[in-house]
Amino acid sequence: MSRNSPLDLSPADFRRLGHRLVDDLAEFLTSLPSRPVSPGATPSDLRVRLGQRPLPEEGADPAVLLADATRLMLDHSVFNGHPRFMGYITSSAAPLGSLAELLAATVNPNCGSWGLSPMATLIEEQTVAWIGQLIGAPQGSGGLLVSGGNMANMVGFWAARTAKAPWDARQQGLDAPGASRLVAYCSTEAHTWIQKAADLSGLGTSAVRWIPVDGQRRMDVAALEQRIARDRADGVTPFLVVGTAGTVSTGAVDPLRALSALCKAEGFWFHVDGAYGAPAVVAPGVPDDLRAMSEADSIAVDPHKWLYAPLEAGCALVRDPSTLRGAFAYTPDYYHFDSGDAAPPPNYYEYGLQNSRGFRALKVWLALQQVGRRGYETMIGEDMRLSRVLFDLVAAHPELDAVTQGLSITTFRYVPPGVRREEPAADEVLNVLNSRILDRLQQSGRAYVSNAMIDGRFVLRSCIVNFRTSEPDLQELVNAVVEIGRGVHTST
Ligand SMILES: *Cc1c(COP(=O)(O)O)cnc(C)c1O
């Protein structure tokens with residue numbers, strides 16, 4: 001007699017519920033372009049809709065629950081798969097990725113060790129190798145999939161700390177006898193992950209040296225050199241330089257070649273934060289510095305950004321895979337995962353922070369094969385072309401100022417007729433106006449952008465990592481911003 005557990009579904013019910021869900025989702029994908037991008041509801045509205053009740057004591061019908069959850073999600077979400085979603089750096093998700101998640105969750109391999117995920121581990125190994133080949137990482141690079149860009153960058157940071165500290169930082173910590181202070185360098189445009197990494201690795205955020213940027217918002221290499229010289233004179237130990245391949249605000253690419261040469265000459269670890277921009281290297285007309293990723297010691301890439309994977313998927317790549325084991329591996333005696341193979345597959349729990357791990361690689365591995373390098377070249381190239389088209393549309397409009405354009409990010413702001421930009425007080429007025437416009441736009445559901453602060457100016461920021469966006473969507477964005485801008489301006 002087999003056990004009858006309340007959580008189990010009969011295969012027949014699984015099939016029935018699954019078919020219903022897939023039908024609903026196919027319908028959703030059909031209707032997506034005609035839906036509002038965002039629900040425009042307040043958290044209080046949504047709490048009411050969700051219902052506030054204590055943990056249920058007894059179970060309920062899974063078909064009803066799933067239908068309810070489907071309605072909650074489809075009626076009250078911000079749809080980053082919508083053609084007019086251009087906010088933050090959150091891409092449209094490849095539909096094949098949804099099905100991959102279903103497959104991965106149903107087989108449920110534990111990708112912490114090879115023994116518990118024989119095929120899944122090998123697929124992850126191949127996925128990491130393919131991502132490395134796609135973006136031009138050093139030959140022989142390895143790594144692993146993590147939850148996103150933050151984690152991928154932190155993996156690089158910890159690998160650098162262990163490899164470059166002149167003492168055993170893993171065992172002795174940061175105050176070993178004779179230890180000096182470790183410091184890391186990045187530009188003022190670097191992403192906030194580095195604060196978390198410096199904090200949580202015990203270095204403290206004051207170990208981050210924020211180097212100023214040039215007129216194109218790229219790290220100023222001369223300023224970097226000066227700061228390194230000053231730090232050396234002060235007796236602290238530089239160990240890491242982080243170059244960003246596509247900054248989050250404006251899509252700037254740091255002078256990665258110069259940074260790489262400097263790191264090589266000085267013996268520093270060279271990490272590239274390519275969470276956003278690394279995949280752009282496949283497209284024509286991008287900054288040549290992206291090709292200097294081939295010289296990095298470690299690279300963070302975010303498949304859930306410009307490889308269009310559903311959340312979550314980040315990828316940490318290192319030139320020398322043994323540096324990850326060097327930074328993370330412990331081998332407790334309750335693990336016995338010897339494959340006995342001439343080419344033993346990795347046990348990924350030794351390569352990063354996680355122990356039990358899901359099968360994030362499958363959706364990325366399938367996408368890489370569904371479209372190949374050529375597909376990414378086409379989609380990423382088109383995202384960048386659309387970003388330039390948007391810049392031109394904005395530049396041509398008398399009530400809009402085009403501010404920056406880099407990779408697929410365009411920044412701009414609304415300037416009402418009669419406002420004199422060059423007057424000292426203008427920015428203050430325009431900042432308030434544009435932040436209100438952003439709020440109203442996001443509530444309207446007509447299009448979705450986010451913001452950046454550029455030299456004290458609050459600007460609207462469109463980032464197209466969206467294979468569903470096309471030119472009419474850009475025109476609709478411009479129309480919406482101008483109409484909302486006029487409304488906000490005349491009501492204040
Ligand atoms: C998005 C981003 C990150 C953080 O990645 P998550 O996937 O959001 O964790 C880090 N650096 C850059 C440059 C990014 O664009």
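Keep in mind that what you see is a predicted model, and the values were worked out from it rather than measured.
Using modelled atom types, one finds no donor on one side chain facing an acceptor on the other under 3.5 Å when comparing Thr205 with Asp199. With hydrogens and angles left out, the side-chain atoms of Thr411 and Arg461 include no donor and acceptor closer than 3.5 Å. Using a 3.5 Å distance cut-off with no hydrogens or angles, the side chains of Thr331 and Glu350 do not pair a donor with an acceptor. With no hydrogens or angles considered, a side-chain donor-acceptor pair links Glu295 and Ser260 at under 3.5 Å. A donor atom on one side chain and an acceptor atom on the other are not found under 3.5 Å apart for Asp273 and Thr244. Judged by distance alone, the side chains of Asp341 and Trp114 never bring a donor and an acceptor atom under 3.5 Å apart. Side-chain contact, Asp231 with Tyr185: a donor N or O sits under 3.5 Å from an acceptor N or O. Judged by distance alone, the side chains of Arg181 and Ser206 do bring a donor and an acceptor atom under 3.5 Å apart.
Under the 30°/60° scheme for interplanar angles, the aromatic rings of Trp158 and Phe328 are found to stand perpendicular. The aromatic rings of Phe467 and Tyr308 stand perpendicular to each other, their planes meeting at an angle above 60°, with 30° marking the opposite boundary.
Between Ala105 and Asn108, the shortest heavy-atom contact is O-CB, 3.4 Å.
Considering Arg360, Lys363, Arg357 in turn, Arg357 is the only one that fulfils the salt bridge (Lys or Arg N to Asp or Glu O under 4.0 Å) rule with Glu124.
A salt bridge links Arg16 with Asp13: the closest approach of a Lys/Arg side-chain nitrogen to an acidic carboxylate oxygen falls below 4.0 angstrom. For Asp289 and Arg257, the salt-bridge test fails: no basic side-chain N is under 4.0 Å from an acidic carboxylate O.
Heavy atoms from other residues, nucleotides or ligands lying under 6.0 Å from CZ of Arg232 number more than 12. Remark: Arg49 CZ is packed, more than 12 non-hydrogen atoms of other residues, nucleotides or ligands lying under 6.0 Å away. In this structure, Glu27 places its CD atom where only 12 or fewer heavy-atom neighbours from other residues, nucleotides or ligands lie under 6.0 Å away. Open room surrounds CE on Met119; 12 or fewer heavy atoms of other groups in view lie less than 6.0 Å from it.
Aromatic pair Phe239/Phe157: ring centres closer than 6.0 Å.
Rounding to the nearest 0.5 angstrom, the gap separating the CZ atom in Arg3 from the CG atom in Asp8 is 10.0 Å. Leu25 contributes atom CG, which lies 11.5 Å from atom CG of Leu32 (distance to the nearest 0.5 angstrom).
Considering only heavy atoms from C-beta on, Arg218 stays 4.5 Å or farther from Ser187 through its side chain.
Phe28 does not carry Arg35 over the face of its six-membered ring by the limits of under 6.0 Å from the centre and within 45° of the normal.
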